[in-house]
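First listed ligand is number 1; within each ligand, the first listed atom is number 1.
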Amino acid sequence: MPRPIVARINLAALKHNLSVVQRYAPHSKRIVVIKSNGYGHGLVRVAKALSTAEGFAVLSVDEARALREAGIKNPIMLLEGFFSEDEVADAVQYRLSVVVHRLEQVDMILSAKPKTKLDILLKLNTGMNRLGLTGENLRRALAKVANSKFIETITLMTHFATADDAQGVADQLRTFNRLVEGLAYARCLANSAAIIRYPEAHGDWVRPGIMIYGCTPFAEGSAQEFGLKPAMTLQSEIIAVQQLKKGDRVGYGGVFSAEQDMRIGVVACGYADGYLRQALTGTPIIVHGKRTRTVGRVSMDMMYADLSAIPEANIGSPVVLWGDQLPIEEVAKAVGTVNYELLCALATRVPMSEVDG
Ligand SMILES: *Cc1c(COP(=O)(O)O)cnc(C)c1O
């Protein structure tokens with residue numbers, strides 16, 4: 001028997017969540033964001049499951065190459081474009097569309113003289129101040145690429161900083177519309193939060209990330225209220241049980257001491273698996289189908305669950321860290337972070353299995 005931890009990926013849930021995107025944005029094509037190993041779900045696995053998506057977005061040429069080598073034929077977009085001129089040839093070879101967020105990237109394309117025309121997305125800074133051209137530089141870029149023999153299509157793009165909170169997208173959308181006035185190119189704006197909340201920001205292409213994985217982009221509320229289904233269940237088992245007397249302490253630092261006589265289970269999951277060490281006593285966890293709490297400090301390979309109210313739990317009992325029965329948002333909230341960080345922190349040493357339904 002191997003170590004019992006596994007991340008179970010539900011392919012049917014991924015497909016279902018892609019259809020939810022279509023329900024929210026019926027007139028937009030979908031570039032599914034699969035950066036960071038498909039938010040921890042497996043780059044190639046997600047792409048294969050979602051072959052009906054109109055495109056995929058990744059960060060690096062390496063990820064794009066892995067997708068092409070796995071036989072993925074859909075359009076692939078590089079979210080940050082080129083990092084150097086030699087990547088222009090890679091973009092041609094792997095048929096990648098590229099974001100252009102600074103003028104130098106235009107010059108890289110033109111001086112590389114690609115043999116096949118490239119699809120580019122001109123990214124505008126509309127207030128997030130992370131990546132993107134100013135309005136002035138957009139016009140400079142267009143002067144160089146609008147009739148270039150090296151360019152196939154041009155798409156106008158921006159990214160919202162506050163689509164998930166009360167500020168919304170109005171300011172950035174107004175800025176975007178002002179900067180692109182009179183330009184008839186396709187538009188690509190919305191992340192998951194904007195897909196769900198702001199139809200006026202949908203444009204021709206949407207860029208769903210977190211919602212594809214069945215998670216909510218918002219700080220409050222559940223993914224379920226949008227009809228999303230969690231695609232990942234991180235599960236393990238109890239590998240030891242300890243009977244504690246009142247006052248007995250648990251784990252490194254002995255930071256938890258038993259309030260009364262109680263049983264605890266040792267779970268095969270630790271921070272080297274990606275479970276955050278910031279999770280303190282009281283983080284929700286499911287043992288033997290029942291919700292309980294973690295106790296003590298998370299160690300590298302193990303952690304502890306309170307079994308006081310679960311007498312039927314024993315060595316071999318199933319444990320759910322998040323996923324089915326326990327929304328990842330509840331764990332994230334208890335840890336003081338967001339679902340995104342928990343998913344991306346999942347370690348490569350955690351084996352994955354697939355279910356379809
Ligand atoms: C990561 C990313 C997305 C997806 O965002 P979600 O909130 O996960 O939907 C969309 N666009 C860009 C530019 C991104 O970097």
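Within the 4.0 Å heavy-atom criterion, both parts of S192, backbone and side chain, lie near ligand 1. Contacts between R207 and ligand 1 below 4.0 angstrom, taking non-hydrogen atoms only, involve backbone and side chain alike. Here K35 has side-chain heavy atoms under 4.0 Å from ligand 1, and that is the only part of it that gets that close.
At distances below 3.5 Å, not a single donor-acceptor pair connects side-chain atoms of R297 with backbone N or O atoms of M303. With hydrogens and angles ignored, the 3.5 Å screen pairs a side-chain donor or acceptor of E329 with a backbone N or O of T216. Here the side chain of S317 pairs no donor or acceptor atom with the backbone of I238 at under 3.5 angstrom. Between the S192 side chain and the M211 main chain, a donor and an acceptor come within less than 3.5 Å of each other.
Counting only heavy atoms of the protein, atom 8 (O) of ligand 1 lies nearest to Y39 OH, 2.6 Å. The protein heavy-atom contact nearest to atom 12 (C) of ligand 1 is H159 CE1, 3.4 Å.
Not one N or O of P217 is nearer than 3.5 Å to an N or O of ligand 1, by distance alone. Note: an N/O pair closer than 3.5 Å links Y340 and ligand 1 by distance alone.
In the model, S60 has no side-chain atom that pairs as donor or acceptor with a side-chain atom of D62 under 3.5 Å.
A ring-centre distance under 6.0 Å is not found for F176 and F160.
Checking I195, N191, N339 against atom 5 (O) of ligand 1, the nearest heavy atom belongs to N191.
Cluster annotation: L59 is connected to M157 through the hydrophobic network of ILVMFWY side chains, with a link wherever side-chain heavy atoms come within less than 4.5 Å.
Which parts of ligand 1 touch I210 is read off a 4.0 Å heavy-atom cut-off, strictly below it: atoms 6 (P), 8 (O), 9 (O).
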